[in-house]
Amino acid sequence: MAFRLHDSLSDAIVPLPERTPGETTVYVCGPTVYGYIHVGNARGPVVFDVLARHLTAQKRKVKYARNYTDVDDKIIAVALANNESPRAVAERFIAAYREEMAALGCRQPTLEPRVSETMPAIVALIVALIAKGSAYATAEGDVYYDVASFADYGKLSKRKFDVQRSEYGRGKSGEGKRAEHDFALWKSAKPHEPEGARWPSPWGEGRPGWHIECSAMTHEHLGDGFDIHGGGPDLKFPHHENEIAQSEPVYGAPMARAWMHHGFIEMDIERNASFAPEVLAVLRADPELRKISKSDRSRLESLKAREAALSDEERALVLIYERKVRFADWFQLRKLREAVDGEAVRYWILGTHYRSPLAFDLGDDPDGAVRFPSIEQAEKRVEYFYDTRQKLTAKLATAKNTTLKTSQFFDEARKAFDAALDDDLNTAGALDPFNKIFARVNELCDAKKTSREELELALEAVAYVTRSLGVAEGDPDAFFARVTGRRIKVRGIDPRDIDALVVARTDARNNRDFARADQIRADLTARGIELRDGASATTWRAV
RNA sequence: GGUGCGGUAGCCAAGUGGCCAGGCAACGGUUUGCAAAACCGUGAUACGUGGGUUCAAAUCCCAUCCGCACCUCCA
């Protein structure tokens, strides 16, 4: 079976587009680097990383570009607030982003273009758009895109032009815009804006609007009519719609041969929250309360400031805002990784088809610790995969050549795995053969007689599927060191204490003092330490 | 109002006409000093509801209920 995917523009399942035979060109809108990302921001990179991995595994050449928006109003705002340069802010958060991506098991894209390094192409594109009659400059030195000039405007988001004109758009009169829905291609520099945030142009100093960069960068790095353009669902409109409007009049249509949009990771504060009925009533009465907002923290603080004088409803609001603030904190990927491993987050994301919404769930332990039931479950599973890989390596080290026949099992599982990924990147479906491969490996490792040839097939299959998914492909020892290290750190456990207790228990067992041995084990279990009595030694792990 | 998505076992989640998804939890077994881990097995009618088409429907059609998301800079 050949790869096919859901194209958001035609809203149909289409064959893999192929501008150049054997090669796939992919562009994904990357982050605006003004702060740390949240879990929702992680879904796209993970999904498109699997796309690139899978197509590479199919022997295709993949050219995958993901940009950094390192010139933006929000970056300037952070720079002004921190009294540092916009450049420094961008560099700091690009470094942080790369670190997060590595933790999620995302390979570095082939290309990581930046807005700041694409200025000549951006200016050239704007000049071309003005020449084509698609854009106009104002007396203030701004340039706007003339939406009315592009007949196809709205084709991606299936939005009606007239509806948008009458009901949306927030442009203010006096801005120099001809129509409310026209959007900025070039913004003139304002006096208060710092150095490093302005570039020369035919319209005076300024910086590009948000959308133009992607049109210029795809043209520059992938060429026109490249294969797949990906991104989040919220980018569909206006960002991708505007990209199409900017690219197609100048570079020719289509901008991309297929569009892939993934689903959101959703935070529902009602879910898993054990609110009292009267609190729930308040929550349900106002839909806005269910959404996380930046102003939640200040609302909470202002309510708390007059704690004594609160009405019942306001007390309910305090509980709701506390939950929202807590939720928002843990939604940040950096924070979340204090509780769960990045690889677990990745596996959790891949457990749901990329176009479906994915619920972020979190709960409270009786002891006050925060729990992430779904992601923790995923983490247990990743541990199992690494465990299995360790067992396989150990088994292979001692396995002897045999004359036993090898089976078709791993070959068939790999085929099923690839078939699922070929079908619009159905990672959740691919987890079936993925899991079966690991179960089979364990079975082989536990068997008394196993053929070396079969174990080698197993090793090959495991390497293949872990590489395609980017899950459990690393060094098992490093993984367990990382995960156990994090857990004992959180609980304030000294590993040397555990080692000593394990030795004491082994001594007791050797003396057949099972009562004492079991007592030690029970104590360790209570501290979240799991013991494994192997053939030669007892090992332990924090769970 | 516009655009789109969904309701599958205790929970999560694939599956778009006939045949086993998978994972977690539960229970039983193998193994073990006993456990854990691992493996195997079990879950008589899992497909929101009501009709219809068909030899055959979770899957197609009609109706209906419920839920969710997005709609100018948030992936």
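By convention in this document, chain letters (A, B, ...) are assigned in the order of the sequence lines, proteins followed by strands, and residues within each chain are numbered from 1. No experiment lies behind these values; they were computed from the predicted model shown.
Using a 4.0 Å cut-off between charged nitrogen and carboxylate oxygen, A:Lys436 and A:Glu412 do not count as a salt-bridge pair. Ion pairing of A:Arg532 with A:Glu530 is present here, as a side-chain N (NZ or NE/NH1/NH2) and a carboxylate O approach within less than 4.0 Å. Checked for salt-bridge contact, A:Arg505 and A:Asp523 miss the test: no charged N lies under 4.0 Å from a carboxylate O.
B:rC39 sits 49 Å from B:rU72 when the P atoms are compared, rounded to a whole Å. Remark: the separation of the C1' atoms in B:rC47 and B:rA13 is 13 Å, to the nearest Å. Straight-line distance between the P atoms of B:rC60 and B:rG6: roughly 11 Å, to the nearest whole Å. The same atom, P, is picked in B:rA21 and in B:rG10; the two are 16 Å apart, to the nearest Å. For B:rC61 and B:rC71, the C1' atoms lie 31 Å apart once the distance is rounded to whole Å. Atom P of B:rU49 sits at a distance of 15 Å from the matching atom of B:rC11, rounded to the whole Å. Rounded to the nearest Å, the gap between the C1' atom of B:rC20 and that of B:rA58 is 16 Å. B:rC27 and B:rA36 have their P atoms separated by 11 Å, given to the nearest Å.
Comparing B:rG23, B:rC5, B:rA14 by their nearest atom to the side chain of A:Ser356 picks out B:rA14. Counting only heavy atoms from C-beta on, A:Asp432 has its side chain closest to B:rA21 among B:rA21, B:rC24, B:rC70. Residue A:Gln377 has its side chain nearest to B:rC24 when only B:rC24, B:rA14, B:rC71 are considered.
Checking the phosphate oxygens (OP1, OP2) of B:rA75, a side-chain nitrogen or oxygen of A:Asn41 falls inside 4.0 Å. Residue A:Asn242 places no side-chain N or O under 4.0 Å from the OP1 or OP2 atom of B:rU72.
Within the 3.5 Å criterion, the main-chain N or O of A:Thr538 finds no donor-acceptor partner in the side chain of A:Asp533. Side-chain atoms of A:Asp182 come within 3.5 Å of backbone atoms of A:Val147 as a donor-acceptor pair (strictly under, hydrogens ignored).
The distance between atom NZ of A:Lys155 and atom C1' of B:rG2, rounded to the nearest whole Å, is 20 Å. The separation between A:Leu156 atom CG and B:rC70 atom P is 18 Å, rounded to whole Å. If you take OH of A:Tyr27 and P of B:rA75, they are 13 Å apart, rounded to a whole angstrom. Across the protein-nucleic acid pair, A:His181 atom NE2 and B:rC71 atom P stand 19 Å apart, rounded to whole Å. Computed from coordinates, the A:Trp348 CH2 to B:rC24 C1' distance equals 16 Å when rounded to whole Å. The distance between atom CG of A:Leu350 and atom C1' of B:rG22, rounded to the nearest whole Å, is 14 Å. Rounded to whole angstrom, the span from the OH atom of A:Tyr68 across to the P atom of B:rA75 amounts to 14 Å. Summarising the geometry, the separation between CD1 on A:Ile375 and C1' on B:rC24 is reported as 15 Å, rounded to the nearest angstrom.
As judged by a 4.0 angstrom heavy-atom cut-off over every strand, A:His211 is placed among residues making no nucleic acid contact. Residue contacts for A:Gly231: at a heavy-atom cut-off of 4.0 Å it reaches the sugar-phosphate backbone alone, with no base atom in range. Base contact: A:Asp234 has a heavy atom under 4.0 Å from a base atom. If you check every strand for non-hydrogen atoms under 4.0 Å, A:Ser374 touches nothing. Among the protein residues, A:Ile265 comes within range of the nucleic acid bases, having at least one heavy atom under 4.0 Å from a base atom. A:His261 comes within 4.0 angstrom of no nucleic acid atom, judged by non-hydrogen atoms across all strands.
Cation-pi check for A:Arg414 over A:Tyr464 is met; the charged atom lies under 6.0 angstrom from the ring centroid and within 45 degrees of its normal. Judged by the 6.0 Å distance and 45° axis criteria, A:Arg381 is not positioned over the aromatic ring of A:Tyr347. By the 6.0 Å and 45° rule, A:Arg541 stacks over the aromatic ring of A:Phe480.
Proximity of the aromatic rings of A:Trp330 and A:Phe372 is defined here by a centroid distance below 6.0 angstrom, and this criterion is met. Under the 6.0 Å cut-off for aromatic ring centres, A:Tyr97 and A:Phe93 do not qualify, their centroids lying 6.0 Å or more apart.
Nearest-nucleotide positions on RNA chain B for A:Phe183 and A:Val39 put A:Phe183 closer to the 5' end. Along RNA chain B, the nucleotide nearest A:Glu266 and the nucleotide nearest A:Asp182 are compared for position; the residue whose nucleotide lies closer to the 5' end is A:Glu266.
The aromatic rings of A:His229 and A:Tyr27 stand perpendicular to each other, their planes meeting at an angle above 60°, with 30° marking the opposite boundary.
RNA chain B contains the following stems of three or more consecutive Watson-Crick or G-U pairs, with both distances under 3.5 Å: B:1-7 with B:65-71, B:10-12 with B:22-24, B:26-30 with B:38-42, B:48-52 with B:60-64.
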### Task
Encode nucleotides 29-38 of chain B as B, S and - characters from 5' to 3', where the letter depends on protein heavy atoms closer than 4.0 Å: B to the base, S only to sugar-phosphate, - to neither.
----BBBBSS
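Shown here is A:Arg334, whose CZ atom has no more than 12 heavy atoms of other residues, nucleotides or ligands within 6.0 Å.
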